[in-house]
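Read through the structure below, which is laid out as structure tokens, and then see the notes.
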Amino acid sequence: DPRSSASYYERYHSLEDIYYWINKTAQEHPDMVKVILIGSSYEKRPLYVLKLSGRQERAEKRAIWIDCGIHAREWISPAFCLWFVQYSLNFYNLNNDITEMLNSMDIYVLPVMNPDGYKYTWTTNRMWRKNRSLSKESNCVGTDLNRNFDANWCTKGASNRPCDEIYCGQFPESEPEAEAVANFLRSHKDSVKLYLSIHSYGQMLLFPYSCSNEEVPNHAELFELVQEAAMKIRRHYRNNYKYGASAKTIYLAPGGSDDWAYNLGIHYSFTFELEDRGRYGFLLPPSFISKACNEALLALKSIALRVIQKTQ
Ligand code: PAY
Ligand code: ZN
């Protein structure tokens with residue numbers, strides 16, 4: 001069966017597989033990978049971050065943050081985080097871009113920000129989006145983690161009803177997954193220069209704000225970065241990505257991690273919506289993983305290398 005010859009990274013993996021992979025990856029690359037426990041989920045699963053570093057040690061190192069799997073059903077997102085880590089480890093000192101990135105910045109990768117939801121999409125409901133927290137007022141389960149951050153929290157574009165897909169939660173950072181990420185970024189805000197959140201679907205490269213129609217102070221600069229990245233994707237992969245400020249490009253989405261990180265002071269903050277444009281949507285077949293990840297990787301490298309120049 002030719003399909004079984006697809007590599008590990010061209011398949012989707014269960015949560016247990018991903019935990020195993022995190023452990024094994026760290027063990028096989030002790031010089032470049034450290035595992036950091038940043039908190040745990042509502043159902044008490046660990047939230048592990050992989051810290052990737054080049055072998056050049058520098059005192060005051062800048063950093064990139066990448067999170068995947070904030071929404072459970074967006075399976076291509078954790079697949080990208082795994083892809084990215086593997087690519088970084090394999091091509092460090094072979095590919096110039098990744099070598100420069102890892103020599104200038106540490107890269108923090110959270111492969112599955114919403115492990116309870118992800119698990120649930122494998123066992124019970126493939127289309128689940130939220131986490132799995134129980135609410136006091138209702139029998140409905142789950143908060144939208146991308147509505148739970150403190151950025152115009154629970155205004156238009158979010159819901160205060162626990163049964164809704166975009167339920168904002170009881171209060172900002174009420175969810176342990178959002179709180180863990182926010183705490184980590186708060187304590188690393190001086191070093192983290194670039195924030196990136198990976199979602200699907202829609203093929204878009206987005207930047208703040210999601211929570212209002214206002215333009216951020218460096219709108220023009222962020223626009224140039226995503227425009228260049230989208231152009232590279234078009235050239236290399238003949239695929240079109242939309243780009244722009246989130247609220248205007250997709251819709252109002254208050255309480256998102258990207259806006260919150262921006263307001264914390266991480267002024268290079270992006271959300272990528274990976275493939276596709278809706279044909280398969282969240283159910284992107286495994287045969288599309290490599291193209292989707294290569295596109296996102298190209299955009300990520302393009303933006304990161306610019307940010308390295310800009311924050312020198
Ligand atoms: O900039 O925060 C942003 C993107 C907003 C995303 C959201 O949280 O609603 C966009 C959606 C997502 O990836 O979750 C888009 C997908 C297709 C959806 O479920 O609507
Ligand atoms: Zn999403």
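Note: hydrogens, waters and symmetry copies are ignored here, and every other heavy atom, side chains too, is used. Indexing begins at 1, ligand by ligand and atom by atom, following the structure's order.
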Sub-4.0 Å atoms of ligand 1 with respect to non-hydrogen atoms of [X]:
| X | value |
| --- | --- |
| R73 | 19 (O) |
| D258 | 1 (O), 2 (O), 3 (C) |
| I250 | 10 (C), 15 (C) |
| E74 | 12 (C), 13 (O), 14 (O) |
| H199 | 12 (C), 13 (O), 14 (O) |

*If we only count heavy atoms from C-beta on, is the K136 to Q170 side-chain gap below 4.5 Å?*
yes
*Any donor-acceptor pair under 3.5 Å linking the side chain of D116 with the backbone of E43?*
yes
Are [X] and [Y] close enough that their ring centers fall under 6.0 Å?
| X | Y | answer |
| --- | --- | --- |
| Y243 | F223 | yes |
| H219 | F207 | yes |
| Y262 | Y209 | yes |
| H13 | Y8 | yes |

Considering only the protein, which heavy-atom contact is closest to [atom], and what is its distance?
| atom | answer |
| --- | --- |
| atom 1 (O) of ligand 1 | S246 OG, 2.6 Å |
| atom 13 (O) of ligand 1 | E273 OE2, 2.8 Å |
| atom 16 (C) of ligand 1 | S200 O, 3.8 Å |

_Using the rule ring pair (Phe, Tyr, Trp, His ring centres under 6.0 Å), only one of Y108, Y195, Y48 pairs with F184; which is it?_
Y108
*Does one side chain, of N114 or E177, offer a donor that lies under 3.5 Å from an acceptor on the other?*
no
*Any side-chain donor paired with an acceptor under 3.5 Å for W21 and Y9?*
yes
*Could you pull out, from Y251, F149, Y201, the option with a heavy atom nearest to atom 18 (C) of ligand 1?*
Y251
_Within reach of ligand 1, part of F282 (heavy-atom separation under 4.0 Å)_ = side chain
*asked:* Under 4.0 Å, counting heavy atoms only: does G256 come that close to any atom of ligand 1?
replied: no
*G281 heavy atom under 4.0 Å from ligand 1*: no
*Quick one: the OE2 of E74, the Zn ion (ligand 2), ND1 of H199 angle, rounded to 10°, please.*
150°
*Could you confirm whether E273 has any N/O/S atom lying under 2.8 Å from the Zn ion (ligand 2)?*
no
*Specify which N/O/S atom of H71 comes nearest to the Zn ion (ligand 2), by atom name.*
ND1
*Give yes if a backbone or side-chain nitrogen or oxygen of R147 is under 3.5 Å from a nitrogen or oxygen of ligand 1, and no if not.*
yes
*Classify the angle between the aromatic ring planes of W122 and W75 as parallel (below 30°), tilted (30 to 60°) or perpendicular (above 60°).*
parallel
